[in-house]
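Accompanying notes for the structure given below.
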2 protein chains.
Amino acid sequence: MARRYYGQYCGLAHAVDLVGERWALLIVRDLLVSPKRFTDLKRGLPRIPTNVLSARLKELEGAGVVRRHVLPRPDGSVVYELTDYGNELEDIVLALGRWGARTLGEPGADDIVTADALIMAMRSTFRPEAARDMTASYELRVGDVVIHVRVDDGDLEVAEGGLPDAGLVIETGPAIKALMAGELGPEQAIADGQVALTGPADLLHRFVQTFRI
Amino acid sequence: MARRYYGQYCGLAHAVDLVGERWALLIVRDLLVSPKRFTDLKRGLPRIPTNVLSARLKELEGAGVVRRHVLPRPDGSVVYELTDYGNELEDIVLALGRWGARTLGEPGADDIVTADALIMAMRSTFRPEAARDMTASYELRVGDVVIHVRVDDGDLEVAEGGLPDAGLVIETGPAIKALMAGELGPEQAIADGQVALTGPADLLHRFVQTFRI
DNA sequence: CTGGATCCCTCACGATACTG
DNA sequence: CAGTATCGTGAGGGATCCAG
């Protein structure tokens with residue numbers, strides 16, 4: 001807004017003005033999963049300084065991407081959520097995540113995986129054409145993050161937390177990236193101990209066909 | 001790359017590491033139109049300091065997005081072009097430009113429009129479903145930028161420069177955004193003198209139906 | 001305890017000048 | 001033409017502090 005960085009009358013330049021600042025798209029990523037409070041955002045983005053988070057939220061609000069919502073009393077707390085306009089970034093964020101995942105190497109020592117990041121990763125790698133008429137459910141544990149995935153007749157639903165009646169529980173670590181990229185075969189991953197299953201092993205094949213980098 | 005800004009093992013965070021720096025996506029935008037030399041890039045992005053352009057090109061090269069290519073003698077000059085991986089940003093850049101264009105206001109006093117920006121804008125607003133079986137050609141003059149557009153049986157081709165046998169020459173200014181967003185009707189635009197035509201006026205209707213923010 | 005604001009330091013960015 | 005060198009400024013990083 002204020003800062004006219006680029007001096008170009010161009011949709012892309014304007015978009016980058018709105019969401020091109022340093023943490024902005026990661027904030028949008030987390031808000032695409034669900035509305036959140038300041039502290040929730042901070043927890044999902046541990047390395048962001050609070051002043052920067054505060055500044056980004058104000059900028060995104062001013063840009064019409066995020067809405068600040070005060071919950072009714074007695075709670076009275078503040079929730080940030082995407083506007084309709086902000087929600088329309090979903091396809092872009094998913095596509096960019098897919099693009100970036102293709103050159104994602106091994107995780108660094110202090111890299112973390114958050115539930116929201118994993119949820120968006122599953123959404124971005126989902127291949128509807130491979131999931132046609134398919135129904136399956138998975139509980140996915142990566143490090144200490146637990147999410148679950150339901151594929152219901154070709155529709156996808158991903159959310160945080162476990163799933164007691166999951167068809168398959170997949171317990172793994174960073175190897176999940178190699179697995180989903182096809183760099184590591186399911187059998188190999190199990191044999192190496194990089195993936196542990198609770199449930200029928202052939203479901204893992206369907207999993208890697210459904211979610212693919 | 002070097003700077004681990006985000007500390008997250010996530011495709012999106014990695015993508016933002018690669019192309020999230022301050023001028024990076026605009027450089028990519030211009031390279032999506034055609035390979036360019038350092039000075040050409042500088043001319044299309046007048047406000048970028050040369051050291052920053054230099055740094056971005058090195059980073060993008062290191063990221064595998066841009067390739068530095070030395071032309072054969074006696075020319076011996078250097079050309080920057082997108083790698084295959086870089087080219088795969090096209091849909092994302094187009095989508096982001098479309099998203100940003102929706103909230104693009106009036107141009108600032110010192111905003112410029114470059115040929116490359118306009119070419120990408122035409123590509124991003126093209127609606128194939130509206131251009132089915134259509135054949136048309138336009139020369140488009142916005143300020144002192146001249147490009148031409150061919151719609152050939154549903155296929156789009158946009159490039160810099162005039163087109164002597166264009167079906168319609170459209171001469172306009174910033175009003176083109178309002179026109180393409182449907183905020184300004186074609187007749188109104190002509191009546192106001194915000195658009196001048198050389199050729200049949202009804203082609204302008206087809207133009208605004210084919211290219212739409 | 002949530003939701004920030006403040007302070008200080010560093011480094012990336014921006015402007016300009018200059019060189020092979 | 002294709003950058004490198006220099007230098008000032010402001011945004012980001014990190015820790016701490018404060019109000020409701």
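The structure presented is a predicted model; accordingly, all values stated were derived computationally and were not measured.
The phosphate of dC13(C) (OP1 or OP2) has no side-chain N or O of Trp23(B) nearer than 4.0 angstrom. A sub-4.0 Å separation between OP1 or OP2 of dG4(C) and a side-chain N or O of Tyr80(A) is present. Within the structure, every side-chain polar atom (N or O) of Ser77(A) is placed at least 4.0 Å from both OP1 and OP2 of dT2(C). Under 4.0 angstrom from either OP1 or OP2 of dC13(C) there lies at least one side-chain N or O belonging to Arg56(B).
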Yes or no on salt bridge (Lys or Arg N to Asp or Glu O under 4.0 Å) for Arg150(B) and Asp155(B), after CA distance, side-chain angles and deciding distance?
-> CA-CA 8 Å; Arg150(B) 270 187 231 263; Asp155(B) 288 337; over 6 Å; no
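Taking every side-chain heavy atom of Glu21(B) into account, dC13(C) is the closest of dC13(C), dG3(C), dG3(D). The listed nucleotides are dG13(D), dG3(D), dG14(C); the one nearest the side chain of Arg22(B) is dG14(C).
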Under 3.5 Å, which N/O atoms of the protein pair with N/O atoms of nucleotides 4-7 of chain D?
unit_1 : atom_1 : unit_2   : atom_2 : d
dT4(D) : OP1    : Lys58(B) : NZ     : 3.3
dT4(D) : OP2    : Ser54(B) : OG     : 2.6
dT4(D) : OP2    : Lys58(B) : NZ     : 3.2
dT4(D) : O4     : Thr50(B) : OG1    : 2.7
dT6(D) : O4     : Asn51(B) : ND2    : 3.3

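Separating the CD1 atom of Ile48(A) from the P atom of dA5(C) is a distance of 14 Å, rounded to the nearest angstrom. For the pair Leu26(B) CG and dG14(C) P, the interatomic distance rounds to 11 Å; values are reported in whole Å. Protein atom CG of Leu53(B) is 16 Å distant from nucleotide atom C1' of dA12(C), rounded to whole Å. One interatomic measurement links the two molecules: OH of Tyr6(B) to C1' of dG14(D), which rounds to 17 Å at whole-angstrom precision. Rounded to an integer number of Å, the gap from Lys42(A) NZ to dA5(C) C1' is 14 Å. Rounded to whole angstrom, the span from the CG atom of Leu57(A) across to the P atom of dG12(D) amounts to 13 Å. Taking atom CD of Glu61(B) as the reference point, atom C1' of dG3(D) lies 14 Å away to the nearest angstrom. Taking atom CG on Leu45(B) and atom P on dG14(C), their separation rounds to 11 Å, with Å as the unit.
Within 6.0 Å of atom CG in Asp144(A), 12 or fewer heavy atoms from other residues, nucleotides or ligands are found, so the atom counts as exposed in its surroundings.
The pair Glu183(A)-Lys177(A) counts as a salt bridge, with a side-chain nitrogen and a carboxylate oxygen less than 4.0 angstrom apart. Taking a cutoff of 4.0 Å between a charged side-chain nitrogen and a carboxylate oxygen, Arg68(B) and Glu81(B) do not qualify as a salt bridge.
Here Tyr5(B) and Trp23(A) keep their ring centres 6.0 angstrom or further from each other.
A perpendicular orientation is assigned to the rings of Tyr138(B) and Phe207(B), their planes being inclined by more than 60° (bins at 30° and 60°).
No side-chain donor from either of Ser137(A) and His148(A) sits under 3.5 Å from a side-chain acceptor of the other.
At the heavy-atom level, Arg43(B) lies nowhere under 4.0 Å from the strands shown.
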